[in-house]
Amino acid sequence: MRFLLIITVLLTLSGCVSSQAHHGASIDNLEKVGNYQGIVEHYRKQLVNKPNNPATMLKLADAYCHLGDTESAQFYISQPTSPRLHNGEYYFVAGNIDMAAEQYQSAVKKYEQAINKHINNPAIYIKKGIAYGYLNDYKNASHSFNQARLHGYDENIVKNNLATLKIAQNQNQQAVDLLLPVYQHNPKNKKVAFNLAIALVRAGDITQAKQILLTHYSKAETTQLINALENPVKKD
């Protein structure tokens, strides 16, 4: 499971932390560029005119989650108490907040509620799969990732996540088989390169792992990474 934690940190959808400067742009532009600090400022101003507005508080909960402020995110997501306000988007954001708080079982339940509310966002299956991965439930994690695939999600991200499950189960050659074609198609993808290198090291192919890492890291960094992968820190 330690390797799953290493890899999911690198995935596009695994975390919610992001921060950029606010330059007075419109809310649409702020959302497009992921300026969550600016989004927070925008919706906090809206609360001045419309206190306790459920839609505004949901937007704030989501933005605070992306900023890594879990306490504020939990505060705002807890404000809309009426069941009629708990739609698919509400449960999706609530699940993301639970993920940020490392409450993975609760996150799975929230994602399932969002799906039951017919949310139209295939990313939820990736999120749900990652939550299952943290719970060491690899069968359901794999099923969730493949559901994302069936809902049109990016094949490379799905395969990257499926490979983390293989690595976590010490099925390293299977992880290599999944990632190598993805890497060959797009060798500039740093996330895939790093994950492939992990699988190769664990499969015993240090030479190829070094060659891949050297395309993205310095020689010193590559040596450090290889050493860390060959001698992972053991938890007490």
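This structure is a prediction, so every number in the text was calculated from the model and none was measured. We use all heavy atoms of the structure for the numbers below, so side chains are in, but hydrogens, waters and symmetry mates are not.
- Closest non-hydrogen pair, Ile130 versus Met99, comes out as CG2-CE, 3.6 Å.
- Cation-pi check for Lys59 over Tyr76 is not met; the charged atom does not lie both under 6.0 angstrom from the ring centroid and within 45 degrees of its normal.
- Side-chain contact, Asn172 with Asn170: a donor N or O sits under 3.5 Å from an acceptor N or O.
- Classified by interplanar angle (parallel below 30°, tilted 30° to 60°, perpendicular above 60°), the ring pair Phe92/Tyr111 is tilted.
- Within 6.0 Å of CG in Asn186 there are more than 12 heavy atoms belonging to other residues, nucleotides or ligands.
- Inter-residue side-chain proximity for Ile97 and Tyr64 is flagged as unmet; no heavy-atom pair is nearer than 4.5 Å.
- With rounding to the nearest 0.5 angstrom, the CG atom of Leu30 is 5.0 Å from the CG atom of Asn35.
- The CZ atom of Phe145 sits 11.5 Å away from the NZ atom of Lys127 when rounded to the nearest 0.5 Å.
- In this structure, CD1 in Ile212 is found 5.0 Å from OH in Tyr183, a value given to the nearest 0.5 Å.
- No chain of hydrophobic side-chain contacts below 4.5 Å, direct or via other Ile, Leu, Val, Met, Phe, Trp or Tyr residues, connects Leu225 to Val192.
- No hydrogens or angles considered: a donor-acceptor pair under 3.5 Å links the side chains of Ser26 and Asn29.
- For the residue pair Ala141 and Gly129, the shortest heavy atom distance occurs at CB-O, 3.3 Å.
- A 4.5 Å side-chain heavy-atom check between Lys128 and Ile115 finds at least one atom pair inside the cut-off.
- Contact of the Val158 side chain with the Leu162 side chain is registered, since non-hydrogen atoms from C-beta on lie closer than 4.5 Å.
- Judged by distance alone, the side chain of Glu221 and the main-chain N or O of Ser218 form a donor-acceptor pair under 3.5 Å.
- A continuous path of ILVMFWY side-chain contacts below 4.5 Å connects Tyr125 to Leu135, so both sit in one hydrophobic cluster.
- Looking at Ile198 and Arg202, their side chains come closer than 4.5 Å, going by heavy atoms from C-beta outward.
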Query - Worked check of side-chain contact (heavy atoms from CB on, under 4.5 Å) between Met57 and Asp62 - result: CA-CA 9 Å; Met57 289 188 289; Asp62 180 58; over 6 Å; no

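- Between Ile226 and Leu213, the shortest heavy-atom distance links the atoms CD1-CD1, 3.7 Å.
- When only modelled atom types and interatomic distance are considered, Glu112 and Asn116 share no side-chain donor-acceptor pair under 3.5 Å.
- Proximity of a side-chain donor or acceptor of Asn146 to a complementary backbone N or O of Arg149 within less than 3.5 Å is not detected.
- Minimum heavy-atom separation, Ile119 to Gly88: CD1-O, 3.6 Å.
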